[in-house]
Protein chains: 2
Amino acid sequence: MRLTTKGRFAVTAMIDVAMHGEHGPVTLSAVSERQKISLSYLEQLFGKLRRHGLVDSVRGPGGGYNLARGAETVSVADVILAVDEPIDATQCGGLENCLDDHRCMTHELWSGLNAHIFTYLRSVTLAELVRQQESRARGETVVMRDHRPPSPRSTEPVTA
Amino acid sequence: MRLTTKGRFAVTAMIDVAMHGEHGPVTLSAVSERQKISLSYLEQLFGKLRRHGLVDSVRGPGGGYNLARGAETVSVADVILAVDEPIDATQCGGLENCLDDHRCMTHELWSGLNAHIFTYLRSVTLAELVRQQESRARGETVVMRDHRPPSPRSTEPVTA
DNA sequence: ATATAGTTGACTAAATCATTCGGGAATAGT
DNA sequence: ACTATTCCCGAATGATTTAGTCAACTATAT
């Protein structure tokens with residue numbers, strides 16, 4: 001489970017499609033203009049999204065892309081996994097052949113954190129992000145649900 | 001808020017320090033051997049971790065690194081932000097100068113998802129990951145707390 | 001027919017990742 | 001003082017990823 005600008009571009013684009021898809025397919029040129037993402041890059045991303053069954057394509061004039069499933073059933077994790085195929089970074093190739101003294105702690109740590117983040121991103125749906133976005137467009141203050149208060153103290157800057 | 005192997009190396013290494021730091025400073029060579037991360041790479045990462053006040057260093061024989069704060073007060077977000085300084089990927093440079101028609105939706109979407117993920121990673125502490133790791137070492141089954149059930153359905157593979 | 005729009009593949013500059021190397025500076029033990 | 005240990009720093013490097021361009025193609029609505 002990686003999380004880079006690439007995956008975010010894909011999520012952004014998917015939200016755009018979800019928000020503008022009510023009156024027929026959404027063209028990539030429209031997404032490109034609204035989200036300021038290069039058309040060819042979008043083509044690459046939507047190629048993967050389509051092959052993973054997240055969007056349906058309609059060719060020809062009036063064509064474009066539609067969500068293949070309801071926005072409620074598409075998670076951020078789905079989108080990211082589609083465009084950003086995960087890598088195995090555990091040296092031991094996922095196998096348990098690395099049990100020198102305490103059974104490859106690296107492997108355990110990785111999969112542990114992976115599972116945490118994956119579980120979380122899997123729980124965030126496109127529909128949720130769309131709702132949040134529509135609220136903001138109406139000038140409302142978006143209240144983020146806290147998932148596990150209280151947060152630990154920190155002296156770090158809060159810019160993410 | 002990026003999330004790459006680099007940040008994960010840093011988190012892994014920090015957990016290692018947290019788990020082995022009870023009897024004095026932990027050397028990077030030890031971390032390197034246990035976690036199979038190159039020593040020089042660790043030096044780069046710990047340089048940043050130190051400059052961000054997450055670890056203290058002790059030079060000379062018997063030296064090494066200690067956590068600068070308690071593991072309960074260090075979040076995954078802290079560690080990742082330290083080694084992986086965040087980029088601004090909103091075209092408009094964070095300013096609101098991009099209000100052509102609907103005030104730079106890209107900007108809103110980005111910061112929205114950023115905030116979601118950041119809020120989550122900020123709520124996961126090193127101490128928590130250490131506890132999970134120690135449980136696994138004892139052969140226990142780690143039960144992951146669900147943060148927002150129910151998860152959306154998905155036809156995607158679940159390998160992360 | 002023609003214009004629209006998806007589909008595919010090759011290619012590229014720039015950035016990032018992960019590592020290696022070489023040399024320093026501080027300190028504990030002798 | 002000497003030496004081994006360990007942190008500290010910067011430069012260089014190959015591999016990969018990012019983000020984008022270009023070109024040719026197929027399907028389809030008018």
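Computed over heavy atoms, backbone and side chain alike; hydrogens, waters and symmetry mates excluded. So you know, we letter chains A, B, ... as the sequences are listed, proteins then strands, and number each from 1.
Expressed to the nearest 0.5 Å, how far CG of B:Leu45 lies from CE of B:Met14 amounts to 11.0 Å.
Taking atom CG of residue A:Leu28 and atom P of nucleotide C:dT8, one finds them 13 Å apart after rounding to whole Å. For the pair B:Asp84 CG and D:dT17 P, the interatomic distance rounds to 16 Å; values are reported in whole Å. Separating the NZ atom of B:Lys48 from the P atom of D:dC7 is a distance of 18 Å, rounded to the nearest angstrom. When the P atom of D:dT18 is taken as reference, atom CG of B:Leu3 falls 13 Å away, rounded to whole Å. Straight-line distance from the CG atom of A:Leu49 to the P atom of C:dG6: 13 Å, rounded to whole Å. Put simply, NZ on B:Lys6 is 15 Å from P on C:dA15, counting in whole angstrom units. Rounded to a whole Å, the CZ atom of A:Arg2 is 12 Å from the C1' atom of C:dT16. Straight-line distance from the CG atom of A:Leu42 to the P atom of C:dG6: 10 Å, rounded to whole Å.
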Polar pairs (N or O, both sides) under 3.5 Å between protein and nucleotides 21-23 of chain D?
none

Check the interface with nucleotides 24-27 of chain D: list each N/O to N/O pair with the protein under 3.5 Å, or write none.
| residue | atom | partner | partner atom | Å |
| --- | --- | --- | --- | --- |
| D:dT26 | O2 | A:Arg59 | NH1 | 3.1 |
| D:dA27 | O4' | A:Arg59 | NH1 | 2.7 |

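Comparing A:Val83 and B:Gly62 along DNA chain D, the residue whose closest nucleotide (by nearest heavy atom) sits nearer the 5' end is B:Gly62. Between B:Ser29 and B:Gly47, the residue anchored closer to the 5' end of DNA chain D is B:Ser29, taking for each the nucleotide with the nearest heavy atom.
Scanning all heavy atoms of the two residues, the minimum distance from A:Tyr65 to A:Val17 falls at O-CG1, 3.8 Å. Taking all atoms of both residues into account, the shortest heavy-atom contact from B:Leu39 to B:Ser32 is N-OG, 3.7 Å. Of all heavy-atom pairs spanning B:His20 and B:Val26, the tightest one is O-CG2, 3.4 Å. Listed here is the closest heavy atom pair of B:Leu121 and B:Ile80: CD1-CD1, 4.1 Å.
B:Arg8 comes within 4.0 angstrom of nothing in the nucleic acid, heavy atoms only. Among the protein residues, B:Tyr65 comes within range of the sugar-phosphate backbone only, with heavy atoms under 4.0 Å from sugar or phosphate atoms but none that close to a base.
Using a 4.0 Å cut-off between charged side-chain N and carboxylate O, B:Glu72 and B:Arg131 make a salt bridge.
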Exercise. Are A:Thr73 and A:Thr125 close enough, and set up right, to give a side-chain contact (heavy atoms from CB on, under 4.5 Å), and what steps lead you there?
Worked result: CA-CA 7 Å; A:Thr73 70; A:Thr125 68; over 6 Å; no
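Residue A:Asp84 forms a salt bridge (Lys or Arg N to Asp or Glu O under 4.0 Å) with just one option from A:Lys48, A:Arg8, A:Arg2, and that option is A:Arg2.
The side chain of A:Thr5 contributes an N or O atom lying less than 4.0 Å from OP1 or OP2 of D:dA19. Of the side-chain N and O atoms in B:Arg50, one or more sit less than 4.0 angstrom from OP1 or OP2 of D:dC8. Close to C:dT4, at under 4.0 Å from its OP1 or OP2, lies no side-chain N or O of A:Thr27.
By the salt bridge (Lys or Arg N to Asp or Glu O under 4.0 Å) test, B:Arg59 pairs with no residue at all, sequence neighbours left out.
A donor-acceptor pair is defined here as one N or O able to donate and one able to accept, closer than 3.5 Å; such a pair exists between the side chain of B:Tyr120 and the backbone of A:His116.
For B:Ser57, the listed nucleotide lying nearest its side chain is D:dC8; candidates were C:dT7, C:dT16, D:dC8.
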